[in-house]
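To start, the structure under review is shown below, and the notes come after it.
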Amino acid sequence: AVLRWRARAFALEHLTTIALAPIGEYGWIQLGATITVTCTVLGIDALPFLVEEREEQNDGLVAFRLRHIPDPIRDARS
């Protein structure tokens with residue numbers, strides 16, 4: 001199931017963006033994490049994104065390269 005999801009997630013071109021955030025608040029986010037993003041400037045409201053790259057900057061910020069995944073994998077366990 002995971003391999004099928006990854007194939008779908010990377011098969012077509014998706015929205016990608018670079019986000020800068022304060023390391024103190026968002027430094028815990030790691031590569032491969034699926035996060036929900038809201039940004040009024042980009043018109044994004046609670047869309048799921050996959051963290052593809054993460055780089056800590058010298059100015060107290062962390063840069064993320066994010067890929068929108070329209071069909072994120074879900075944990076079906078109850």
One should read off an interatomic distance between Leu47 CG and Thr38 OG1, to the nearest 0.5 angstrom, of 7.5 Å
Sidechain-backbone polar pair: Arg67 side chain, Glu52 backbone, donor-acceptor under 3.5 Å
no
Between the CZ atom in Phe49 and the CD1 atom in Ile44, the distance rounded to the nearest 0.5 Å is 4.0 Å
When rounded to the nearest 0.5 Å, the distance separating CG of Leu61 from CD1 of Ile23 is 8.0 Å
Main-chain N/O of Gly27 paired with Arg54 side-chain donor or acceptor, under 3.5 Å: yes
**OP:** Check the hydrophobic clustering (I, L, V, M, F, W, Y; side-chain heavy atoms under 4.5 Å; chains of links allowed) and say if Val37 and Trp28 are grouped together.
**Re:** yes
Rounded to the nearest 0.5 angstrom, the CG-OG1 distance for Leu42 and Thr17 is 5.5 Å
Subject >> ILVMFWY network linking Ile35 to Leu15, side-chain heavy atoms under 4.5 angstrom >> reply: yes
Here the gap from Phe64 atom CZ to Leu50 atom CG, rounded to the nearest 0.5 Å, amounts to 12.0 Å
Would you check if the side chain of His68 reaches a backbone N or O of Thr16 as a donor-acceptor pair within less than 3.5 Å?
-> no
- prompt: Does a side-chain heavy-atom distance below 4.5 Å link Leu66 with Val51?
  reply: yes
